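What you see is a predicted model; the values in this text were computed from it and never measured.
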Amino acid sequence: MTTFTARVLATVRRIPPGRVATYGDVAELAGRPGAARAVGNIMRECGARDVPCHRVVAAAGRLGGYGGAGGLKRSLLQAEGVVVRGTQIKDFARRRWLPGRTFGRRGT
DNA sequence: TAATTGACTTCGC
DNA sequence: GGCGAAGCCAATT
């Protein structure tokens with residue numbers, strides 16, 4: 001499949017544990033910047049369980065308006081080592097996953 | 001094919 | 001800093 005959806009899913013799958021990405025970033029990485037809403041729409045289906053939709057958060061580092069009533073997403077992220085402050089990621093700026101910024105990349 | 005929706009983003013008040 | 005409105009893109013009906 002070579003559609004935007006497939007790219008989004010592939011991008012989200014590339015998000016390593018302990019890291020998070022925003023809808024806008026995923027959309028951009030997928031090749032369609034500004035399609036944040038589309039990404040959300042695609043994520044909603046979560047057709048592939050390999051897609052850690054819980055690692056996808058809003059731009060401000062917020063978990064989004066979903067994630068379950070009790071904040072399922074928050075628990076999942078925290079379980080991966082992500083510091084979450086209520087509905088917002090504390091170290092979001094440092095937890096945000098970006099291409100070329102994978103693990104092992106320290107402050108050098 | 002056209003219109004509506006949706007897990008978003010950004011500007012303005 | 002919080003609330004409201006407009007814009008963008010893809011999927012669904």
For A:Asp25 and A:Trp97, what are the C-alpha separation, side-chain angles and deciding distance, and is it a side chain to side chain contact (heavy atoms under 4.5 Å, CB included)? CA-CA 9 Å; A:Asp25 286 345; A:Trp97 172 77; over 6 Å; no

Taking CD from A:Gln88 and C1' from B:dC8, how many angstroms apart are they, rounded to a whole number? 15 Å

Rounded to whole angstrom units, what separation is found between the CD1 atom of A:Ile89 and the P atom of B:dA7? 18 Å

Starting at the 5' end of nucleotides 6-11 of chain C, put B wherever the base has a protein heavy atom under 4.0 Å, S where only the sugar-phosphate does, and a dash everywhere else. -BBBBS

Please state how far atom CD in A:Glu28 lies from atom C1' in B:dT10, giving the value in whole angstrom units. 15 Å

Could you tell me which residues satisfy side chain to side chain contact (heavy atoms under 4.5 Å, CB included) with A:Arg32, sequence neighbours excluded, listed by chain and number? A:Phe4, A:Ala35

Considering only distance and modelled atom types, tabulate donor-acceptor pairs under 3.5 Å from the side chains of residues 80-89 of chain A, sequence neighbours left out.
residue : atom : partner : partner atom : Å
A:Glu80 : OE1  : A:Gly18 : N            : 3.2
A:Glu80 : OE1  : A:Arg55 : NE           : 3.0
A:Glu80 : OE2  : A:His54 : NE2          : 3.2
A:Glu80 : OE2  : A:Arg55 : NE           : 3.2
A:Glu80 : OE2  : A:Arg55 : NH2          : 2.8
A:Gln88 : NE2  : A:Ala60 : O            : 3.3

To the nearest Å, how far apart are A:Leu76 CG and B:dA7 P? 18 Å

Specify the separation, in whole Å, of atom CZ of A:Arg44 and atom P of B:dT4. 17 Å

Would you kindly give the CG-to-C1' distance between A:Asp25 and B:dC8, to the nearest whole Å? 12 Å

Evaluate the side-chain proximity of A:Leu63 to A:Leu77: yes if any heavy-atom separation is below 4.5 Å, no if none is. yes

Hits for side chain to side chain contact (heavy atoms under 4.5 Å, CB included) against A:Ala58, two or more places apart or cross-chain, chain-then-number order -> A:Arg62

Can you check the A:Met43 CE to B:dA7 P distance for me, whole Å? 13 Å

Could you go through the side chain to side chain contact (heavy atoms under 4.5 Å, CB included) check for A:Val57 and A:Arg96 one step at a time? CA-CA 9 Å; A:Val57 299; A:Arg96 178 157 58 154; over 6 Å; no

